[in-house]
Amino acid sequence: MKFYLQVYGCQMNVYEAGIIRQILNRAGIEETENESAADVLLMITCSVRKHAEMRALGRLRMFSAQKKNDPKKIIGVLGCMAQRLGEELISEHDVDLVVGPDNYSVIPELIKKLQNGDAPGTVLSLTGECYSDIYPVAQNHATATVIAMRGCSNFCSYCIVPYVKGPERSRPLKNILLEIKQLIDKGIKEITLLGQNILAYKNDGIDFVALLRSVSEINGLKRVRFLTSHPKDLNEKVLAAIRSLPHLCPQLHLPLQSGSNRILELMNRHYTREEYLDKVTMARDLIPDLSLTTDIIVGFPTETEEDFNATLDVVAKVKFDFAYMFKFSPRPGTKAADFTPPVPPAEASRRLSELIKIQNQITLDSNRAMIGKEYELLIEAKSPRGKGSLGRTRHGKVVILDEPFTPGNLVNVMITEIRGWTPVGKIIRR
Ligand code: SAH
Ligand code: SF4
Ligand code: F3S
């Protein structure tokens, strides 16, 4: 028996796709990249914005078309959108199995039951699952992600994640360390620890800084990163750990969301623009070569021109190295979905374009500032065009090399130019 798996969503989903592969492989079901050869067509989905769901539903129509030709095929929707839409996916979209983020272990059994003639069904209990002792099927050659915590209890008013992933819980330290050691044995050099709210890691008396300390002591590991830091939980202890522990990369993903105190309050973010700016100053004082990235939402309900300008002002002050920028998308069931008045879509689009234009220039300037400087690169892949390779600096910037290198190599380069958006490096021979 063979399965095909389409992956949508955040890095958590990319990681959890590896868990699903492991669970299916253990049950003797093999992966295929050829949809028409698959007995089971699966997708792991995202609900964070409407657009993410529309894409998945579009793909689902293609799965259904395949099933028309071959009615024995089984269609499964997994993950966050499965959790949110549930039964509706069976009644309206012809899906056979609908499995939430905490229930991946039951997939093989459900497939067997469906093949024995059982009716389509959902498994959507939020059990607090951590998949602690299931290690995902290998990801890349040089870098890997490892889940440290799952779920979220912050309830930012716009966000669906706490509803579809359940409350926040942390994975035991020993499983995290064992997984990282196994990855290093396979040649992995860099680990990104994942959690929706990773600074709140807490398991059996071990907090986030203690976790970082243990991870940084693992033999053979060259680089450690983590995602995502909530500004309210960022403190001097964490920053001192990044600065002093071996292998910790000088990089923080610190979602701003808005620069207006009134909007931040409505978003239930628990910090003000002043507190955010103070933490950025503290971070840059402690870690001088720090790279800062962020997420920003524009067009949140009631956002005025003045609120939007406050966001632009923080963007201009901080000069993020990179930002993910979104138009507010109302998610049914979240508080903000009922906030009024909404920002008219055309106005929200205008604000988003303006923000993107400003941030793009800042990102370009930050890339240009790399010219003439030396960096250590971890080679991650072949370059998509040409015979060169792609590597990443310790502070998280992708660099193009015109020479071919094997993923996993560490090389020293000097940045010579910017090609399009991307810095280009030349090897420094010592
Ligand atoms: N836990 C992480 C990831 C959340 S989802 C965090 O707190 O950053 C990633 C980003 O999607 C969020 O930071 C936010 O900027 C954006 N986002 C979440 N819900 C959204 C919504 N309803 N509309 C638009 N953007 C949203
Ligand atoms: Fe969503 Fe906020 Fe939790 Fe991030 S911290 S997952 S934005 S509720
Ligand atoms: Fe990730 Fe989307 Fe779920 S952002 S946690 S896949 S809602």
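It should be emphasised that the depicted structure is a prediction, and the values quoted were computed from it without experimental measurement. Atoms within each ligand, like the ligands themselves, are counted from 1 in listed order.
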> Going by the angle between their ring planes, with limits at 30° and 60°, are F155 and Y163 parallel, tilted or perpendicular?
perpendicular

> Which residue owns the protein heavy atom closest to atom 5 (S) of ligand 3, what's the atom, and how far is it?
Q196 NE2, 3.1 Å

> Carefully, step by step, assess F208 and F226 under the rule ring pair (Phe, Tyr, Trp, His ring centres under 6.0 Å).
CA-CA 10 Å; F208 181 64; F226 55 88; 4.9 Å; yes

> For atom 1 (Fe) of ligand 2, count the protein N, O or S atoms found under 2.8 Å away.
1

> Is any side-chain N of the basic residue among D207 and K237 closer than 4.0 Å to the acidic one's carboxylate O?
yes

> List for me each residue that meets side-chain hydrogen bond (donor to acceptor under 3.5 Å, both in side chains) alongside H253, sequence neighbours excluded, and say none if there are none.
T293, D295

> Looking at Y276 and P255, what are the two nearest heavy atoms and their distance?
CE1-O, 3.9 Å

> Heavy-atom contacts with R269 under 4.0 Å: which atoms of ligand 2 show up? List them by number with element.
2 (Fe)

> Can you classify the ring geometry of F326 versus Y324 as parallel (below 30°), tilted (30 to 60°) or perpendicular (above 60°)?
parallel

> Are K73 and E35 ion-paired here, with the side-chain N under 4.0 Å from a carboxylate O?
no

> Is any NZ, NE, NH1 or NH2 atom of the basic residue among E168 and K202 found under 4.0 Å from an Asp or Glu carboxylate oxygen of the other?
no

> How far apart are the C-alpha atoms of N203 and S170, what are their side-chain angles, what is the distance that settles it, and do they pass the side chain to side chain donor-acceptor pair (under 3.5 Å) test?
CA-CA 6 Å; N203 185 289; S170 301; 5.7 Å; no

> With a cut-off of 2.8 Å, which protein N/O/S atoms are close to atom 2 (Fe) of ligand 3, if we only count those under it?
C46 SG

> In order of chain and number, which residues sit within 4.0 Å of ligand 1 by heavy atom?
V48, R49, Y158, Q196, T228, P255, Q257, D295, I297, F326, K327, F328, S329, R331

> Against heavy atoms of K165, which atoms of ligand 3 measure under 4.0 Å?
5 (S)

> Do R394 and D289 sit within salt-bridge range, that is, some charged N less than 4.0 Å from a carboxylate O?
no

> Which is it for H270 and ligand 2 at heavy atoms under 4.0 Å: side chain, backbone, both or neither?
neither

